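In this text the structure is predicted, and so the values were computed from the model without any measurement. Indexing begins at 1, ligand by ligand and atom by atom, following the structure's order.
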Amino acid sequence: MSTGQVGRETFDEVMVPNYNPQAIVPVRGEGSRLWDQEGREYIDFAGGIAVNALGHCHPALVEALETQGRKLWHLSNVYTNEPALKLAQQLTQKTFAERVFFANSGAEANEAAFKLARKYGHDHHGEGKFEIISFEQSFHGRTLFTVTVGGQLKYRQGFEPVPGGVTHVPYNDIGALKKAISERTCAVVMEPIQGEGGVIPADPLFAQQVRQLCDDHQALLIYDEIQTGAGRTGHLYEYMAMGVTPDILTSAKGLGCGFPIGAMLTRADIAESFGFGAHGSTFGGNPLGCAVAGRALELISDPQLLVGVGERHDQLVEGLRQINSRQRIFREIRGKGLLIGAELVESWHGQAGQFLAAAREQGVLLLMAGPNVLRFTPSLIMPQGDISEGLAKLETAIGRIKASE
Ligand SMILES: *Cc1c(COP(=O)(O)O)cnc(C)c1O
C-alpha cells in the first residue's frame with residue numbers, strides 16, 4: 001500500500017544529506033506502534049528519540065491540539081497568550097523554578113540558558129565572569145554555541161571558529177572540575193544522565209560536589225534535562241531524585257510529546273538578567289505547542305504514571321538481561337526509568353547501527369547512543385505486552401546478526 005508519491009529514495013534527491021534515515025518511511029502511529037508506507041507494523045522503543053513520551057497520537061493530546069487549533073495559532077511576543085501562561089504556571093508550581101522562557105527546541109532552550117548565564121555573570125560580577133564549563137561527551141544541541149558547549153569534538157569540527165570561553169572536563173571526575181573552575185566561571189552545565197554520550201548517569205556524590213563547587217565560585221549550575229526531563233527517569237525532572245537543585249534547567253523533547261517546544265526554567269533573581277529586549281524568539285511560547293505541552297504535563301506528572309515508568313524499566317531491563325544470558329551480547333545495561341542503554345560487548349563495538357537495521361527488519365525500532373550502545377527511550381506508557389513482544393523481536397534480530405557473522 002505504497003503512497004507512490006514519495007519514498008525513502010526521494011530523501012536523497014531533495015534533502016540535505018545530513019541524515020541517513022532508515023530504509024522505511026513510517027506514515028502512521030498509535031501508542032507504541034508505527035506503520036510504514038507498505039503497511040508493515042513496528043514496535044517503537046525509540047519514541048522519536050525520547051520525545052513521544054505518551055506514545056503516538058495520544059487522544060488527550062490530539063484533543064488539546066485540535067481544540068487550540070480552532071482557537072488561536074500564533075500571536076507573536078507582542079502579546080502573551082493563555083496556553084503559555086498556564087504552562088508556565090504549571091512548570092513553576094511543579095519545579096524549583098519561578099520564571100520560564102519558551103523556545104522551540106532543546107538547542108534554543110540551551111542557547112537561552114547559556115546566554116542568560118553569561119549575562120548574569122556580567123551583571124553581578126563584571127566582564128571577567130564568562131567562562132562556561134561542561135563535560136566531555138555531553139550533548140547540548142547543534143547550534144554553534146551549543147556544539148561548542150557540548151563535549152563531542154565531531155559536532156564542532158569544520159565549523160570553527162567557535163565561540164570562546166568554553167572549557168570541557170571529564171564527567172564524574174570532581175578533581176578535574178575543581179582544577180578548572182575559577183572566579184571566571186559563570187556556569188557549569190551538565191546532563192543528570194548523559195543521553196547522546198552513551199546513557200551515562202552522574203554519580204550522586206559527584207552531582208552534589210558539582211553543586212558545592214558552583215556555590216563556592218558563584219557560578220550558576222545549569223541542568224540540561226532535555227532528555228532526562230518530563231518524566232523520562234520516573235521523576236518529573238531528574239534533579240528531584242538527586243537532592244541537587246540547579247539554578248537553570250532546560251527542558252524540551254518529551255515536554256511537547258512530539259509538538260516542538262523547549263523551555264528554560266530559572267529563579268526570579270536570575271531571570272532579572274533577561275530584562276526587556278535581552279532575548280527573544282518569534283515562535284517561542286506558541287499557543288499550539290503550549291496547549292499540547294500543558295495537557296502532556298498534567299498527564300506526565302501523575303504520580304501513578306511515574307510509578308509505571310519504574311515498572312516498565314524493570315521489565316525492559318530484566319528482558320534485556322535475559323536476552324543477554326542467552327546471547328552474551330551486552331557488556332553493561334544502564335540508565336534510569338525509560339532512558340536505558342545497552343552497551344555492546346567489545347567485539348561488537350562500533351556496530352550499533354547494524355543492530356538498529358536488523359531490529360527494524362524484525363519490526364522493532366531502537367536508537368543508538370554512539371556506535372557502541374543500543375538506546376531505548378519508549379513511550380512512558382508503553383503497554384507491557386508491547387515491551388515483551390518488542391524484546392522477542394529484538395532477540396530474533398540479535399540471533400540473525402550473530403548467525404550471519
Ligand atoms: C536532544 C538534546 C538536545 C538538543 O535538543 P534539540 O531539540 O534537538 O535542539 C540538547 N540537550 C540534550 C541533553 C538532548 O538530549
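- Relative to the six-membered ring of Tyr155, Arg142 meets both conditions, a distance below 6.0 Å and an angle of at most 45° to the axis.
- Residue Gln227 places at least one N or O, backbone or side chain, under 3.5 Å from an N or O of ligand 1.
- A side-chain contact (heavy atoms from CB on, under 4.5 Å) with Ile24 is found for one member of Gln37, Arg40, Glu38, Glu361 and no other, namely Arg40.
- Ligand-side atoms of ligand 1 in range of Ser105: 7 (O), 9 (O), range being under 4.0 angstrom from any heavy atom.
- Ranking the protein heavy atoms by distance from atom 7 (O) of ligand 1 puts Gly106 N, 2.8 Å first.
- A donor-acceptor contact closer than 3.5 angstrom links the side chains of Thr143 and Glu111.
- His122 and Lys129 form no side-chain donor-acceptor contact under 3.5 Å, judged by distance and modelled atom types alone.
- Looking at Ala107 next to ligand 1, an N or O pair under 3.5 Å apart turns up.
- Of all atoms in ligand 1, listed by their number and element, those nearer than 4.0 Å to a heavy atom of Asp224 are 10 (C), 11 (N), 12 (C), 13 (C).
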Criterion side chain to side chain donor-acceptor pair (under 3.5 Å) on Gln362 and Thr396, from CA distance to verdict: CA-CA 7 Å; Gln362 294 303 318; Thr396 306; 4.9 Å; no
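- Applying the 4.0 Å criterion to heavy atoms of Gly141 picks out, from ligand 1, the atoms 4 (C), 10 (C).
- The ring of Phe96 has its center closer than 6.0 angstrom to the ring center of Tyr239.
- If you number the atoms of ligand 1 from 1 as listed, the ones under 4.0 Å from a heavy atom of His140 come out as 10 (C), 11 (N).
- Counted within 6.0 Å of CD on Glu82, heavy atoms from surrounding residues, nucleotides or ligands total 12 or fewer; the atom is thus considered open.
- Protein non-hydrogen atoms do reach within 4.0 Å of atom 15 (O) of ligand 1.
- Ring centers of Phe206 and Phe135: under 6.0 Å apart, within the cut-off.
- For ligand 1, the polar-atom distance check finds an N/O of Phe139 within less than 3.5 Å of one of the ligand's N/O atoms.
- With respect to atom 1 (C) of ligand 1, the closest heavy atom belonging to the protein is Lys253 NZ, 1.5 Å.
- Within ligand 1, the atoms closer than 4.0 Å to a non-hydrogen atom of Glu191 are 13 (C), numbered from 1 in the order shown.
- Near Asn110, meaning under 4.0 Å from one of its heavy atoms, ligand 1 places the atoms 10 (C), 11 (N).
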